[in-house]
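Accompanying notes for the structure given below.
Convention: sequence-line order gives letters A, B, ...; per-chain numbering from 1. Every heavy atom of this structure was used, including side-chain atoms; hydrogens, water molecules and symmetry mates were not.
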Number of protein chains: 2
Amino acid sequence: MIITKREKFPALYLYVSKAAAKPQVEFDYDGPSMKTTVPGPRSKELMKQLGQIQNTGAINFFCNYEESKGNYLVDVDGNRMLDIYTQISSIPIGYNHPALLKVMANPNNLSTFVNRPALGILPPENFPDKITESLLSVAPSGMTRVQTMSCGACSNENAYKAIFIWYRNKERGQNTPTNEELNTSMINQAPGCPELSILSFMGGFHGRTLGCLATTHSKAIHKLDIPSFDWPVAPFPRLQYPLDEFTRENAEEEARCLEEVEDLIVKWRQKGKPVAGIVIEPIQAEGGDNHASPDFFRRLRNIARKHGCAFHVDEVQTGGGGTGKFWAHEHWGMDDPADIVSFSKKLLSGGYYHKDELQPDKPYRIFNTWMGDPSKNLFLSEVLNVIRRENLLEEVTRSGKALLNGLYELQAQYPSILSRARGQGTFCAIDAFDDATRDRILLKARDKGVLLGGCGDRSIRFRPALVFKEYHVNLFLNIFNDVLAQHK
Amino acid sequence: MIITKREKFPALYLYVSKAAAKPQVEFDYDGPSMKTTVPGPRSKELMKQLGQIQNTGAINFFCNYEESKGNYLVDVDGNRMLDIYTQISSIPIGYNHPALLKVMANPNNLSTFVNRPALGILPPENFPDKITESLLSVAPSGMTRVQTMSCGACSNENAYKAIFIWYRNKERGQNTPTNEELNTSMINQAPGCPELSILSFMGGFHGRTLGCLATTHSKAIHKLDIPSFDWPVAPFPRLQYPLDEFTRENAEEEARCLEEVEDLIVKWRQKGKPVAGIVIEPIQAEGGDNHASPDFFRRLRNIARKHGCAFHVDEVQTGGGGTGKFWAHEHWGMDDPADIVSFSKKLLSGGYYHKDELQPDKPYRIFNTWMGDPSKNLFLSEVLNVIRRENLLEEVTRSGKALLNGLYELQAQYPSILSRARGQGTFCAIDAFDDATRDRILLKARDKGVLLGGCGDRSIRFRPALVFKEYHVNLFLNIFNDVLAQHK
């Protein structure tokens, strides 16, 4: 007698009925609805049109954002997909959320959209109040200052600049710069433009502008042909899963990486390129959803302190609630987790929080024309209201458990395809056998109405909105199981 | 008998009566109206509040954007100023323009504001049409491709990347990269991250992120303490004014600079850091409104071609109509003015146009999460409609002539204070005796209801909106004359 997979893992087939409770996302659809393979004919037509203007190699399909709702993204061919990728993790509370539509309907907000100010010189009257009620209401522990920026890359670029300025002021004892420094800075030379460095981690991703890119080590194609800085790159722990079976091995691996960090700091100091700051993601998100233990981060933070380096936690992808806490670094349980925390994506525009001492000493050192966009802060205030009102962080924790348990079951059921299920909240991932398998699974899932993303060499990443409930988890697991069952 | 200035320069005192014709800016105020010195008490209060959160050293005052209209910026103390700085040149058609308010009132546009897409992977259905009707309808000569970005710095960063990718593909003959290149790129080392350079000009400004900053040479404080690249910096011509009196001297000066450019290209090639691209502003805007002749730019463009360097024209500040043409480079009269033209500010979001061959060969090489913001393109479409409907480029040319003539008269009248009046369209500037004089004049003008900006060491820059008419020019000249008359 052949035992079918259905008999062996009956729980898997109960997801939908288990979750008969109506989802609390009122503005959601009932489920995916597919009319064509994806991309469908209309998407293909538009790709041709856009191909006259841009490289369209990365485009999945074209979207009908008007018809998209909650967890569902609708495409131009009428396909409706459960979106577990959410515009690379940047849609916090689903599509066309009523709370956000209300922001648009409020006539008091019109002027904020129409008159984009140069925030650094001529802010609107309500700017201090608005960032207090939005960004500062979720400030990381120990931080009361925030600098807004337009996007994630600009946020990290400017955070690095704040680190360099702070570091040099420390070195020169807050004295005014010499004429030699001022003059050499104008032609890109030391001592005015000093040979300082930022230490980053292999597999990390911090953006693609030239400064950020020097700390990004996700894929070669992101970096190839672009001039860079000779900055140190430390290994990020490669943990073995399940974590509780490999406690000793993982602790050793983390110790090895931390030792290497200290070695690199010393080495680069000797090279005359001192490490002014260390930048790290709480979970390496583009690089393959690589986790490390809270203990690793606490010890790394201490190493930074010991060597006088600023500790910069890049929460561009992890921030905003996906891990079940508003900031992923809250899982480390520290009062003083960082000197700088950068954000973007789910926060709807970029920026960074920082300790007081990382505020630039003079105006115009951290500056650009717009320095953010107050219209995005209007939306963020509403997003935060919804998160609080609907206890979305608790919901994410609940959905995340269901998701991760489902992934554990699936990798037990399909051990030749899946491994290393991992995650925090709904910020989860699982590895496929290889990149080709991963890519095939992603396309098949999409054709069945589930939109997922890849990351790293062969990982699938889950980045649903905060309104992704257990009901949606179960919907997903059923479809995913079908995909895997059909996978050859 | 003492001849008063009024008798000596009677024309100056006729500005307002000359312009009795009602200004065509219907939604404008009649003139400035000052209640307090600036910043007033409410602004000072808010500065204190914001000072708890950010460095407020660059803040002029706080604004009431709801009450601001057309050419007038209203502050939180009820002062109404004629705005000739327009948020660092980024407000194209004045405050609260009815055409832009209509964009907000159109329910079809709601979704574009509320659901910000990841344009590189999941663009909205109307994206090809929208950028065709907005950005491509004003594409520079010879360019049919455009890449949107969020801000000016990101635009230049990505334009430089496109240049480096193009240059290396040319060098390797479009072959696929070697494994050594791929591997070394991951750790920031050559050959994967090659030692290529961008040649820029002393006095130029191209943004403040680390790549851009390596080509920015405006003020030391912008660059101090930030690590940089060893890239060549050429002299920008220092022309003598009035131009028609110094034809020979200026031609020699331009020839000297061009010779230096070629020398630097050769020198950096020998150093093993070949110049992949040359970046230049048509008018050095932050660096002091430095002009060069069309002949200079034509010859520079030829030098770029001769040495196989991409020619990147940075129109972030000059683009969008302020010079009387939509792009300042149109004044050069060339069919093939550039390989890359970057923009932001008056275009409401950033990006760059490029020749076909500068499109990256593979997806994800020029990429980030948002890659622009379609809601800004909605506004841009309307801005372009208004520019066409109201012939604003002609208006700018007309206002610009009146402004420049007025500045000529004022510098003749106050030769100990003012010199070097210069400009194209309303994109004008004049020099004060020194930086302290300039700063005092700016503050006095502001207290009399005229908002201006500084640039370079001691220049005053004029950056009005495109709806700044002769009537506003005359209003300004009268007030400015009063400021100068009172200046000790």
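One finds the OG1 atom of B/T132 at 3.5 Å from the CD1 atom of A/I53 (value rounded to the nearest 0.5 Å). A distance of 11.0 Å separates CH2 in A/W370 from CD in B/Q87, rounded to the nearest 0.5 Å.
Within the 4.5 angstrom heavy-atom criterion, only side-chain atoms of A/Y85, from C-beta onward, approach chain B. Residue B/L136 touches chain A through its side chain alone, counting heavy-atom pairs closer than 4.5 Å. Looking at B/D361, the atoms closer than 4.5 Å to chain A (heavy atoms on both sides) all sit in the backbone: N, CA, C or O. Only the side chain of B/P177 comes within less than 4.5 Å of a heavy atom of chain A; its backbone N, CA, C and O stay farther away. If you measure heavy-atom distances from B/E195 to chain A, you find no contacts under 4.5 Å at all. In this structure, chain B has no heavy atom under 4.5 Å from any part of A/N126. Contact annotation for B/F127: only side-chain heavy atoms (C-beta onward) come within less than 4.5 Å of a heavy atom of chain A. With a threshold of 4.5 angstrom between heavy atoms, B/S197 does not approach chain A through any atom at all. Only the side chain of B/L451 comes within contact range of chain A, with at least one heavy atom under 4.5 Å from a heavy atom of that chain. Heavy atoms closer than 4.5 Å to chain A are found nowhere in B/M143, neither backbone nor side chain. In this structure, no portion of B/K273 lies under 4.5 Å from any heavy atom of chain A. Proximity to chain A (any heavy atom under 4.5 Å) is restricted, for B/L73, to the side chain, taken from C-beta onward. Interface residue B/I91: only side-chain heavy atoms are found under 4.5 Å from chain A. Only the backbone of B/Q52 comes within less than 4.5 Å of a heavy atom in chain A; its side chain stays farther off.
Two residues are said to be in side-chain contact when any heavy atoms from C-beta on lie closer than 4.5 Å; A/R365 and B/N55 fail this criterion. Side-chain atoms of B/I226 and A/I165, non-hydrogen and from C-beta on, do get closer than 4.5 Å to each other. Side-chain atoms of A/I131 and B/Q54, non-hydrogen and from C-beta on, do get closer than 4.5 Å to each other. A heavy-atom distance below 4.5 Å is not found between the side chains of B/F113 and A/S375. A 4.5 Å side-chain heavy-atom check between B/V114 and A/F379 finds at least one atom pair inside the cut-off. Using a 4.5 Å cut-off on side-chain heavy atoms (C-beta onward), A/N188 and B/D230 make no contact. Residues B/D373 and A/K376 have side chains in contact (heavy-atom distance under 4.5 Å, counting atoms from C-beta outward). Looking at A/M202 and B/I187, their side chains come closer than 4.5 Å, going by heavy atoms from C-beta outward.
Below 30°, between 30° and 60°, or above 60°: for A/F229 and B/F229 the angle between ring planes is below 30°, a parallel geometry.
Note: B/P123 leads B/C193, B/A220, B/P123, B/G192 in heavy-atom pairs under 4.5 Å with chain A. Between chain A and the options B/V233, B/V316, B/L182, the largest number of non-hydrogen pairs under 4.5 Å is found for B/L182. Counting heavy-atom pairs closer than 4.5 Å to chain A, the top-ranked of the candidates B/L210, B/I121, B/T209 is B/I121. Among B/T369, B/L122, B/D129, B/L196, the residue making the largest number of heavy-atom pairs under 4.5 Å with chain A is B/L122. Options B/E181, B/H354, B/R172, B/H97 differ in how many heavy-atom pairs under 4.5 Å they form with chain A, and the most are formed by B/R172. Each of B/N156, B/T144, B/L100, B/I221 has some count of heavy-atom pairs under 4.5 Å with chain A, and the biggest count is that of B/I221.
Residues that satisfy the salt bridge (charged side-chain N to carboxylate O under 4.0 Å, His left out) test with B/E125, not counting sequence neighbours, are A/R42.
A donor-acceptor pair under 3.5 Å links the side-chain atoms of B/N115 to the main chain of A/N96, judged by distance alone. Remark: side-chain polar atoms of B/R208 are paired, donor with acceptor, to backbone N or O of A/Y364 under 3.5 angstrom.
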Output side-chain donor-acceptor pairs under 3.5 Å for residues 147-154 of chain B, partner residues at least two apart or in another chain, one line each.
unit_1: B/T148; atom_1: OG1; unit_2: B/M371; atom_2: O; d: 2.7
unit_1: B/S150; atom_1: OG; unit_2: B/R116; atom_2: NH2; d: 3.3

